[in-house]
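Written out below as structure tokens is the structure these notes cover.
Quick caveat, the model's predicted, so the values are computed rather than measured. Below, read A as the first sequence line, B as the second, and so on, with proteins coming before strands; counting in each chain starts at 1.
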There are 2 protein chains.
Amino acid sequence: MAAMNPTGRGKPAFSPLYRQIKALITQDLQAGVWKPGTAIPSELELAERFRASQGTVRKAIDELAAGNLLVRRQGKGTFVATHTEQTTRYRFLRLAADDGSGRGLERRLLHCERTRAGADVARLLELKGGDPVVRVRRLLLDRGAPVVLDDIWLPGRLFKGLDAARLAQYNGPMYALFEAAFGVQMIRAEEKLRAVAADAAVAALLGTKAGTPLLSVERRALTYGNRPVELRRGLYRTEAHHYRNELQ
Amino acid sequence: MAAMNPTGRGKPAFSPLYRQIKALITQDLQAGVWKPGTAIPSELELAERFRASQGTVRKAIDELAAGNLLVRRQGKGTFVATHTEQTTRYRFLRLAADDGSGRGLERRLLHCERTRAGADVARLLELKGGDPVVRVRRLLLDRGAPVVLDDIWLPGRLFKGLDAARLAQYNGPMYALFEAAFGVQMIRAEEKLRAVAADAAVAALLGTKAGTPLLSVERRALTYGNRPVELRRGLYRTEAHHYRNELQ
DNA sequence: AAGTGGTCTAGACCACCTG
DNA sequence: AGGTGGTCTAGACCACTTA
């Protein structure tokens, strides 16, 4: 394996071996060679395959683990990250109760339809205007009280067969369903937060009054290769909950 | 240097050498042996000092760089992180204009007084009730329009000599002043976000109407050893700006 | 006992920056 | 040319898990 990148134009004329190996592993992850939750080959086996030393493969895996694509477990192996496990289920949910109570959130499906992408949705999902999309609306409730109203848009071609029945029957984190049933893995997401006033319709659904300040969370979730695969807009009641963040 | 930790009680009976070295470097950072913006000794010199190999010192520095305590620059050295440089100035500011315009924010000091900590502030800053605190109120403006109203509480003992004159005269990021003038380095921060309604007083300061939804950002900033050294509550107008976040 | 990830070393060489 | 961080190797050994 060449350490140089002879075709490199512009800046990255040099790509270290461990980054090339990282790219190759990422390709295999993207292609679904190893399913979420399963182990990838051991470091020594990968080293042999790529004709590199353990340390070099190790550095590639380190970066993938830092990006939450892989999970290392000493003595057991290195596993493909998944949204299905207890510990990693709500990786992207930053909602917390002010009193620190647990996360026994109840889900209630309000709406699910297949429709066509408008201009904004198409642009953000990198689709063409009029492409099929799935539109979902749901509530999250904490001890019976509505806390979040989510509106979700998904590319129709990626989520064939997703409908109200399918969603209603499944009870668990959405990203776990997407991963298991549609092979779509959410890797990272960008969010934009704002404060907005509830309109009458939203207020009714959230059990509050029109004009109540709500935290608006616009999310764009991406899969391998930074391909956008979900838009989500959450409206959060924040009288007894908040959005927590860590700055570093 | 022993790789074992013979006094270890409970779980961490084993601490690898690179973590012990990391702890020693952190101690020196905390003690101010090297000032922000200056270079620490080279990897080879530290390896000699700690009687370890370059690779082991390197791993310790890698973790400190990942935590934004140090910054590596190939060919030049490894430097103590600072809030004073152009690239790292607004490390903790997640405010962005919807139209993507730059960050030429104007600061306007409204208020600065030395007073006594109330119960809540004392608890969050890990002080005793009645301990001296500095209370600051200021505005951030974008092209003349108020966007953020910040209320800030600082432990009085750490910020001796901080007053309105000092703040008014200085024009730059606050954390850069804290670092240069008081030797207090903000390492990380926790934030809680909510949507709230502007009251009359806040509305007047932000140039909007009472009842306008505002994004409330409660921040607790920490220095070495997770010691809290600042409380800050920002109220953001989000008609033309938003709080951006990356989930990973 | 065997297999996995985790640590550590010694040495070589490369890429980048500054005199 | 010399110093700094960055990459890579080969090999040894440790810690953790499973059988």
Side-chain angles (χ1 to χ4, degrees), chain A residues 1-6 8 10-25 34 37-66 68-81 85 87, chain B residues 1-6 8 10-25 34 37-66 68-81 85 87:
Chain A
M1 179 169 302
M4 283 302 183
N5 170 15
K11 285 293 167 194
F14 167 73
S15 175
L17 181 52
Y18 77 88
R19 276 197 195 280
Q20 301 178 40
I21 291 174
K22 181 185 174 188
L24 290 172
I25 295 174
W34 312 296
T38 66
I40 71 170
S42 75
E43 293 178 351
L44 283 171
E45 190 177 332
L46 289 171
E48 196 174 353
R49 179 182 306 183
F50 296 128
R51 294 175 209 279
S53 71
Q54 186 203 9
T56 300
V57 168
R58 197 171 167 70
K59 182 140 188 175
I61 293 177
D62 277 344
E63 289 201 352
L64 291 166
N68 290 123
L69 296 189
L70 296 174
V71 178
R72 321 191 72 138
R73 289 192 203 125
Q74 188 173 9
K76 302 178 80 170
T78 301
F79 299 78
V80 181
E85 279 166 40
T87 57
Chain B
M1 179 170 300
M4 282 303 184
N5 169 16
K11 284 292 168 195
F14 167 74
S15 175
L17 182 51
Y18 76 88
R19 276 197 195 279
Q20 300 178 40
I21 292 175
K22 179 185 174 187
L24 290 172
I25 295 175
W34 313 296
T38 66
I40 70 170
S42 75
E43 293 178 352
L44 282 171
E45 189 177 333
L46 289 172
E48 197 174 351
R49 179 183 306 184
F50 296 130
R51 295 175 208 280
S53 70
Q54 185 204 9
T56 301
V57 168
R58 198 172 164 70
K59 181 140 189 177
I61 293 178
D62 277 344
E63 289 200 351
L64 292 167
N68 291 122
L69 296 189
L70 295 174
V71 177
R72 320 191 73 137
R73 289 191 203 125
Q74 187 172 9
K76 301 177 81 170
T78 300
F79 299 79
V80 182
E85 279 166 39
T87 57

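Looking at B:E63 and B:L69, their side chains never come closer than 4.5 Å, going by heavy atoms from C-beta outward.
Nucleic acid contact for B:R58: base, since at least one base atom lies under 4.0 Å from a heavy atom of the residue. Within the nucleic acid shown, B:S42 comes within 4.0 Å of sugar-phosphate atoms alone, with no base atom in reach, counting heavy atoms only. No contact: A:A39 has no heavy atom under 4.0 Å from any strand.
Residue A:F50 contributes atom CZ, which lies 17 Å from atom C1' of D:dT7 at whole-angstrom precision. Between the CG atom of A:L17 and the P atom of C:dC13 there is a distance of 17 Å, rounded to whole Å. In this structure, CG of A:L70 is placed 16 Å from P of C:dT4, rounded to the nearest angstrom. Here C:dG6 presents its P atom at 13 Å from CG of A:L46, a figure rounded to the nearest Å.
When each of A:Q54 and A:G75 is assigned the nucleotide of DNA chain C with its nearest heavy atom, A:G75 is the one assigned upstream, toward the 5' end.
When the nucleotides D:dG5, D:dC8, C:dT9 are ranked by their closest atom to the side chain of B:A52, C:dT9 comes out on top. Considering only side-chain atoms of B:R72, the nucleotide from D:dT18, D:dT9, D:dG5 that sits closest is D:dG5. The side chain of B:Q74 lies closest to D:dG6 when the candidates are D:dT18, D:dG6, D:dC8.
In this structure, NZ on B:K59 lies 8.0 Å from CZ on B:R19, to the nearest 0.5 angstrom.
Regarding contacts with the backbone of D:dG11, every side-chain N or O of A:S53 stays at 4.0 angstrom or more from both OP1 and OP2. Remark: B:K76 is not in phosphate contact with D:dG3, judged by side-chain N or O atoms under 4.0 Å from OP1 or OP2.
Each of A:V57, A:D62, A:T56 was compared with A:Y18 under the side chain to side chain contact (heavy atoms under 4.5 Å, CB included) criterion, and only A:T56 meets it.
Nearest approach of B:A60 to B:I21, heavy atoms of both residues: CB-CG2, 3.9 Å.
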